[in-house]
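Shown next, in structure tokens, is the structure this report addresses.
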Amino acid sequence: MELSSRQLALKERAAAFSNGLLRKRGAEIDQSREYPWDVVEALKAERFMGMTIPEQYGGQGGSFLDTVLVIEEMARACTVSARIVVEANMGAISTVMAYGTDAQRRRAAELVLAGDKPAICITEPDAGSDASGMKTRADKRGNRYVLNGRKHWITGAGVSRLHLIFARVFDEGGEELGIGGFLAVRGEAEGLRMSKRETTMGLCGMPEGELVFEDLEITPDMVLLPPSGFRRGFADLINAYNSQRVGAGTVAMGIAAGALEHAIGWVKTREQFGRPIGEFQGLQWMLADMQTQLTASRLMLHAAAASRGPGGSAFPDPTLAAQAKIFASEAAIKIVNDALQMFGARGYSRDFPLERMARDVRMFTIGGGTAQVLRTLVASKVLGWKLPQTRDGYVMPAPDGDRDQR
Ligand SMILES: CC(C)(COP(=O)(O)OP(=O)(O)OC[C@H]1O[C@@H](n2cnc3c(N)ncnc32)[C@H](O)[C@@H]1OP(=O)(O)O)[C@@H](O)C(=O)NCCC(=O)NCCSC(=O)CCS(=O)O
Ligand SMILES: Cc1cc2nc3c(=O)[nH]c(=O)nc-3n(C[C@H](O)[C@H](O)[C@H](O)COP(=O)(O)OP(=O)(O)OC[C@H]3O[C@@H](n4cnc5c(N)ncnc54)[C@H](O)[C@@H]3O)c2cc1C
């Protein structure tokens, strides 16, 4: 995909930022496991927070493709910073910008432009891949909703201010209306509590946590009504989430790009048998495969970022987003592992960056929809069938019956 001169300049600016501050901070953030507020301040100053927010709310009206260009550069050096850029431009903030009221957009923009990375709260202990099986409930009481439930593995728990919470909505008579989105600001909302921080394998400066909602009261101005109402609310909300799937796939791809860059430098300087190890064809062919997979990932992610879903959606096409995330996340794990291999024992050392990259990159076939679940989405599109995963969702096809009944 041809990039404009503005986009090339943006990418260059992001690369300079990454090569400066992030080269140094990547390892430090991993070791300290502390959220990098200094990086947030620098991202804010460089206007990498809230790029996709429309100009009328103080943003730059940038595209998801612009964001992808920046994320790749950040992820080459520091995964945590790249994930901040994802959530400051995609996911929850882009959902509010598409579906929110004017006041909600203004408030969300104000928070993100001031340095907040919003949190998106979907997953529950008993509802991971089966996200629509969530139990968190929002009960209507007069003109308000009262939320009760629990979410876990929420990125930014304890540091994010703006939360977009998915919950099952019930009217005052107890009738279920569907799934809706609810906005809460940590520090202002009573009844929103972080109950646990997860101990993670990688992505260490970014807290992942469990959140508990105890009679969390949502005033009418904080209800994010999906465009087709609560009844199809989940479909609308998960449609908006396609932006973050592209972002997460790009973080994986950026880590892989950084690892490949390290590997290329290393094989040209490390000597064995009296010659640089890059002269061995065994490693040359590995490098060729790594570069090929990286190029394919980048092309798929750019195409997905620039696409629009059916019906003039403001968000990337669901199938392209899923394909790009599956391919990029799996390729990235392989590329990073192969780069680590080229470093020999040093690849396994905490004094070199490959070990950290291998821990960080492992997440991306899990978070944001697992590679298995996303394959089901793609298969459903390929076959033109609905593929419900519950046991009673299946109707066995008659020998020559209409399979569309599935
Ligand atoms: C969607 C699933 C939860 C499967 O649930 P169901 O089988 O109950 O639902 P479906 O019938 O498949 O879908 C319901 C409805 O939504 C539409 N839909 C589904 N997916 C999409 C999509 N990606 N884009 C647009 N629309 C979508 C679907 O067509 C149906 O609409 P109709 O009723 O037919 O009109 C499951 O597949 C799933 O996605 N699970 C993964 C959950 C997930 O991604 N969680 C992410 C949590 S946040 C996170 O992990 C952050 C990590 S990070 O970014 O670092
Ligand atoms: C670092 C990290 C950050 C995260 N951030 C967030 C966040 O900010 N917000 C949020 O809401 N969530 C977040 N998540 C949660 C993430 O979205 C879930 O982990 C993911 O959706 C999978 O759910 P699960 O962990 O419950 O696994 P499960 O759904 O229990 O899956 C377990 C295994 O079974 C497989 N499986 C399940 N169903 C099927 C099926 N139908 N077909 C084939 N295989 C299947 C899965 O692919 C997986 O391999 C994060 C997770 C991680 C690791």
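Whatever order the structure lists them in is the order used to number ligands and atoms, beginning at 1. Only this structure's heavy atoms are used, side chains among them; waters, hydrogens and symmetry mates stay out.
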Pair R105 + E110: basic N to acidic O under 4.0 Å = no

Are E73 and K11 within salt-bridge range, i.e. N to O under 4.0 Å?
-> yes

Going through the checks in order, is the side-chain contact (heavy atoms from CB on, under 4.5 Å) test met by E172 and D139?
-> CA-CA 7 Å; E172 288 189 277; D139 286 281; over 6 Å; no

Determine whether the side chains of E55 and Q60 contain a donor N or O and an acceptor N or O closer than 3.5 Å.
-> no

Subset of ligand 1 atoms that lie under 4.0 Å from at least one heavy atom of T123 = 47 (C)

Here the atoms of ligand 1 under 4.0 Å from any heavy atom belonging to A131 are 3 (C), 42 (C)

What part of T376 sits under 4.0 Å from ligand 1 if we count only heavy atoms: the side chain, the backbone, both or neither?
-> neither

Report the nearest protein non-hydrogen atom to atom 45 (N) of ligand 1: residue, atom name, distance rounded to 0.1 Å.
-> G369 N, 4.2 Å

May I ask you to identify, for T370, whether its side chain, its backbone, both or neither come under 4.0 Å of ligand 1 on a heavy-atom basis?
-> neither

Shortest protein contact, atom 52 (C) of ligand 1 (heavy atom only) = G368 N, 3.5 Å

Answer yes if the side chains of Q7 and D66 hold a donor-acceptor pair under 3.5 Å, and no otherwise.
-> yes

Using the six-membered ring wherever Trp is involved, compare the ring planes of F230 and F182 and label them parallel, tilted or perpendicular (cut-offs 30° and 60°).
-> parallel

Is it the case that T136 and E124 place a side-chain donor and acceptor less than 3.5 Å from each other?
-> yes

Pick one of side chain, backbone, both or neither for how E87 approaches ligand 1, counting any non-hydrogen atom pair under 4.0 Å.
-> neither

Take every heavy atom of Y241, measure it against each atom of ligand 1, and state whether any distance is under 4.0 Å.
-> yes

Between E208 and T200, is any side-chain donor less than 3.5 angstrom from a side-chain acceptor?
-> no

Salt bridge (Lys or Arg N to Asp or Glu O under 4.0 Å) between R25 and D38, worked out = CA-CA 10 Å; R25 290 291 285 129; D38 60 323; 2.7 Å; yes

Shortest protein contact, atom 15 (C) of ligand 1 (heavy atom only) = A235 CB, 3.8 Å

With no hydrogens and no angle check, do the side chains of T295 and Q291 hold a donor and an acceptor under 3.5 Å apart?
-> yes

Pair D30-R359, side-chain contact (heavy atoms from CB on, under 4.5 Å): steps then yes or no = CA-CA 10 Å; D30 178 60; R359 282 184 287 111; 2.8 Å; yes

Please state which part of S129 comes within less than 4.0 Å of ligand 1, counting heavy atoms only: side chain, backbone, both or neither.
-> backbone

Heavy-atom contacts with S132 under 4.0 Å: which atoms of ligand 1 show up? List them by number with element.
-> 3 (C), 5 (O), 6 (P), 8 (O)

Atoms in ligand 1 flagged as close to M363, the criterion being non-hydrogen separation under 4.0 Å = 55 (O)

Atoms in ligand 1 with a heavy atom of N242 nearer than 4.0 Å | 22 (C), 23 (N), 24 (N), 25 (C)

Using a 4.0 Å heavy-atom cut-off, say whether F234 meets ligand 1 through its side chain, its backbone, both or neither.
-> side chain

Verify whether one side chain among K381 and T319 offers a donor that lies under 3.5 Å from an acceptor in the other.
-> no

R245 neighbourhood, listing ligand 1 atoms whose heavy-atom distance to it stays under 4.0 Å = 23 (N), 39 (O), 41 (C), 43 (C), 44 (O)

Could you tell me whether atom 7 (O) of ligand 1 has a protein heavy atom closer than 4.0 Å?
-> no

Numbering the atoms of ligand 1 from 1, which are under 4.0 Å from a heavy atom of Q244?
-> 51 (C), 53 (S), 54 (O)

Any idea which atoms of ligand 1 are less than 4.0 Å away from a heavy-atom of L377?
-> 23 (N)

Please tabulate, one line per pair, the protein nitrogen or oxygen atoms found under 3.5 angstrom from a nitrogen or oxygen of ligand 2, with distances to 0.1 Å, or say none if there are no such pairs.
from     : atom 1 : to   : atom 2 : distance (Å)
ligand 2 : 5 (N)  : W153 : O      : 2.9
ligand 2 : 5 (N)  : T155 : OG1    : 2.8
ligand 2 : 8 (O)  : T155 : N      : 3.0
ligand 2 : 8 (O)  : T155 : OG1    : 3.2
ligand 2 : 9 (N)  : I120 : O      : 2.8
ligand 2 : 11 (O) : I122 : N      : 2.9
ligand 2 : 11 (O) : T123 : N      : 2.8
ligand 2 : 11 (O) : T123 : OG1    : 3.0
ligand 2 : 12 (N) : T123 : OG1    : 2.7
ligand 2 : 14 (N) : W153 : O      : 3.3
ligand 2 : 17 (O) : T123 : OG1    : 3.4
ligand 2 : 23 (O) : S129 : N      : 3.4
ligand 2 : 29 (O) : S129 : N      : 2.9
ligand 2 : 29 (O) : S129 : OG     : 2.7
ligand 2 : 41 (N) : Q389 : OE1    : 2.9
ligand 2 : 47 (O) : T370 : OG1    : 2.7
ligand 2 : 47 (O) : Q372 : OE1    : 2.7

Passes side-chain contact (heavy atoms from CB on, under 4.5 Å), H262 versus W266? Steps please.
-> CA-CA 6 Å; H262 284 301; W266 179 250; over 6 Å; no

Given I366, I154, L237, I238, which one has a non-hydrogen atom that is nearest to atom 20 (N) of ligand 1?
-> I238

To atom 38 (C) of ligand 1, the nearest of V246, V373, D317, V251 on a heavy-atom basis is V373

Name all pairs fulfilling the salt bridge (Lys or Arg N to Asp or Glu O under 4.0 Å) condition that reach into residues 282-291, sequence neighbours left out, sorted by first residue then second.
-> none

Residues N89, F48; criterion side-chain contact (heavy atoms from CB on, under 4.5 Å); working and verdict | CA-CA 8 Å; N89 291 287; F48 292 132; 5.7 Å; no

Does the protein put a heavy atom less than 4.0 Å from atom 54 (O) of ligand 1?
-> yes

So, does T155 sit close enough to ligand 1 that a heavy atom of it is under 4.0 Å from the ligand?
-> no

Counting heavy atoms only, which part of V86 comes closer than 4.0 Å to ligand 1: side chain, backbone, both or neither?
-> neither

Test item: protein heavy atom less than 4.0 Å from atom 41 (C) of ligand 1 | yes

Approximate separation, where rounding is to 0.5 Å, of I154 CD1 and L164 CG = 10.5 Å

Is the closest side-chain donor-acceptor distance between S243 and S94 under 3.5 Å?
-> yes

Check N239 against ligand 1 and report side chain, backbone, both or neither, counting heavy atoms closer than 4.0 Å.
-> both

Can D317 and N242 be counted as having a side-chain donor-acceptor contact under 3.5 angstrom?
-> no

Does some non-hydrogen atom of the protein lie less than 4.0 angstrom from atom 13 (O) of ligand 1?
-> no

Would you say atom 50 (O) of ligand 1 has a protein heavy atom nearer than 4.0 Å?
-> yes

For atom 31 (O) of ligand 1, the closest protein heavy atom turns out to be R232 NH2, 3.4 Å

Look at R375 together with E330 and state whether they make a salt bridge at an N to O cut-off of under 4.0 Å.
-> yes

Ion pair present between R83 and E87, side-chain N to carboxylate O less than 4.0 angstrom?
-> no

Tell me, please: is K386 in heavy-atom contact with ligand 1, that is, under 4.0 Å?
-> yes

